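Take a look at the structure below.
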Amino acid sequence: ETTPRRIQAFLTLEESENAIIEAKELLEAFPDEPLAYECLIKSLANAGEEGEMIETWETFHSRFPEAAEKRELLEEMCWG
């Protein structure tokens, strides 16, 4: 089972690719959940996948504008 906690564990262990896989599965299972977008965006930022991160954020922003503009998420996008 994919959970935000599991994704965060992968990021803590610097296993970005596994975090991305898990985050994509989470978003596929819960496409209407803002947290699923946040997990994928953070995972992509951590892996340095800027192009895909920006594309994902743009989709997130169009669906959940307030959630997409949270300071913590934007900082994560900038600093990875």
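Treat the numbers as computed from the prediction; the structure is a model and nothing was measured.
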Going by salt bridge (charged side-chain N to carboxylate O under 4.0 Å, His left out), name the pairs with one or both residues in residues 56-67, residues two or more places apart or in two chains.
D32-R63

Is any side-chain heavy atom of T56 less than 4.5 Å from a side-chain heavy atom of L44?
yes

How many angstroms lie between atom OG1 of T59 and atom CD1 of I54, to the nearest 0.5 angstrom?
11.0 Å

Could you tell me whether K24 and E52 have a side-chain N and a carboxylate O separated by less than 4.0 Å?
yes

Quick check: is I21 connected to L35 through a chain of hydrophobic side chains (ILVMFWY, heavy atoms under 4.5 Å apart)?
no

Could you go through the side-chain contact (heavy atoms from CB on, under 4.5 Å) check for T3 and R6 one step at a time?
CA-CA 5 Å; T3 65; R6 183 174 163 92; 3.5 Å; yes

Using a 4.5 Å cut-off on heavy atoms from C-beta on, say whether the side chain of F60 contacts that of P34.
yes

Under 3.5 Å, side chain of W57 to main-chain N/O of I41, donor-acceptor pair present?
no

If you draw a 6.0 Å radius around CD in E33, do more than 12 non-hydrogen atoms from other residues or ligands fall strictly inside?
yes

What verdict does the side-chain contact (heavy atoms from CB on, under 4.5 Å) test give for L26 and L40, after you've listed the backbone C-alpha separation in whole Å, the side-chain angles of each residue and the deciding distance to 0.1 Å?
CA-CA 8 Å; L26 182 66; L40 180 55; over 6 Å; no

Exercise answer: donor-acceptor pairs, residues 71-80 side-chain atoms, under 3.5 Å, sequence neighbours excluded:
residue: R71; atom: NE; partner: E75; partner atom: OE2; Å: 3.0
residue: E72; atom: OE2; partner: K42; partner atom: NZ; Å: 3.0

Among residues at least two apart in sequence or on other chains, which ones pass side-chain contact (heavy atoms from CB on, under 4.5 Å) with E50?
none

